[in-house]
Amino acid sequence: MKFRYFTDAHHAPERDPRRIYRYSENALELTKQCLTTATPDIERIIFGGDAIQLEWHKGHEYHQGLMRDFGKAVRDNTHLPTHFIAGNHDYDSLKDLAEIERLSGMPCGNAIVDTPDGHRLI
């Protein structure tokens with residue numbers, strides 16, 4: 001099976017001035033390009049996490065909107081089965097894999113484990 005894997009879109013409407021190397025404002029266009037250039041032998045799309053840029057000072061609704069935007073960009077630009085692996089930005093902002101699935105329109109293929117020593121495995 002051949003698949004296209006991409007990751008770390010960090011979608012946001014503008015670039016974080018503290019992290020100028022993350023071109024968050026271009027994330028949806030780059031996602032579209034990644035999907036529309038998939039060759040005919042590709043059977044699945046896998047997104048490896050951090051669809052959105054986490055902004056601790058912004059509210060839950062802000063992050064929900066980012067995830068909706070990202071999911072729509074994916075759904076509108078491929079007919080292939082698409083699987084989502086939530087990254088720390090996705091999970092830490094929304095805290096719920098079922099909500100991430102609902103907002104993105106893609107099944108999440110991961111679990112979250114919080115260890116006794118305070119670490120998180122995704």
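Just so it is clear, the values below take in all heavy atoms, side chains as well, and ignore hydrogens, waters and symmetry mates. Because the structure is predicted, anything quoted here is derived from the model rather than measured.
Nearest heavy-atom pair, Y91 versus D96, reported as atom, atom and distance to 0.1 Å: CE1-N, 3.8 Å. Closest approach of A9 and A27 over heavy atoms only: O-CB, 3.3 Å. The minimum heavy-atom distance between A12 and L66, with the atom names listed, is CA-CD2, 3.9 Å.
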Could you list the donor-acceptor pairs under 3.5 angstrom formed by side chains in residues 77-87, with sequence neighbours left out?
{"unit_1": "N77", "atom_1": "ND2", "unit_2": "A73", "atom_2": "O", "d": "2.7"}
{"unit_1": "T78", "atom_1": "OG1", "unit_2": "L80", "atom_2": "N", "d": "3.1"}
{"unit_1": "T82", "atom_1": "OG1", "unit_2": "L80", "atom_2": "O", "d": "3.0"}

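Under the rule for a side-chain hydrogen bond (donor to acceptor under 3.5 Å, both in side chains), R44 has no partner lying at least two apart in sequence or in another chain. With sequence neighbours excluded, no residue satisfies salt bridge (charged side-chain N to carboxylate O under 4.0 Å, His left out) with K95. In this structure, E101 has no side-chain hydrogen bond (donor to acceptor under 3.5 Å, both in side chains) partners at least two apart in sequence or on a different chain. T115 is linked by a side-chain hydrogen bond (donor to acceptor under 3.5 Å, both in side chains) to D117, counting only residues two or more places apart in sequence or in another chain. With sequence neighbours excluded, no residue satisfies salt bridge (charged side-chain N to carboxylate O under 4.0 Å, His left out) with E43. Every residue was checked against the ring pair (Phe, Tyr, Trp, His ring centres under 6.0 Å) condition with Y5, not counting sequence neighbours, and none meets it. Listed by chain and number, the residues in a side-chain hydrogen bond (donor to acceptor under 3.5 Å, both in side chains) with H57 amount to none (sequence neighbours excluded).
For the 3.5 Å distance criterion, the side chains of Q53 and H63 fail to qualify, holding no donor opposite an acceptor.
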- side-chain contact (heavy atoms from CB on, under 4.5 Å) assessment of R15 paired with S24: CA-CA 5 Å; R15 193 176 311 185; S24 299; 5.6 Å; no
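Side-chain atoms of D90 come within 3.5 Å of backbone N or O of I52 as a donor-acceptor pair. At distances below 3.5 Å, not a single donor-acceptor pair connects side-chain atoms of R4 with backbone N or O atoms of L35. S104 places no side-chain N or O within donor-acceptor distance of the main-chain N or O of M67, the cut-off being under 3.5 Å.
Taking Ile, Leu, Val, Met, Phe, Trp and Tyr as hydrophobic and joining them when side-chain heavy atoms fall under 4.5 Å apart, one finds W56 in a cluster with L54.
Rounding to the nearest 0.5 angstrom, the gap separating the CD1 atom in I100 from the CD atom in Q64 is 11.0 Å. Atoms CD and CG, from Q33 and N26 in turn, are 9.0 Å apart once rounded to the nearest 0.5 Å. Atom CD of E25 is separated from atom CG of L30 by 9.0 Å, given to the nearest 0.5 angstrom.
Applying the salt bridge (charged side-chain N to carboxylate O under 4.0 Å, His left out) definition to pairs two or more places apart or across chains, those involving residues 26-42 are K2-D41. Counting only residues at least two apart or on different chains, the salt bridge (charged side-chain N to carboxylate O under 4.0 Å, His left out) pairs with a member in residues 46-65 are R18-E55. Among residue pairs with one or both ends in residues 64-78, those qualifying as salt bridge (charged side-chain N to carboxylate O under 4.0 Å, His left out) are K72-D76; sequence neighbours excluded.
The aromatic rings of F70 and F6 lie tilted to each other, with the angle between the two planes from 30° to 60°.
In this structure, the side chains of V74 and I45 stay at 4.5 Å or more apart for every pair of heavy atoms.
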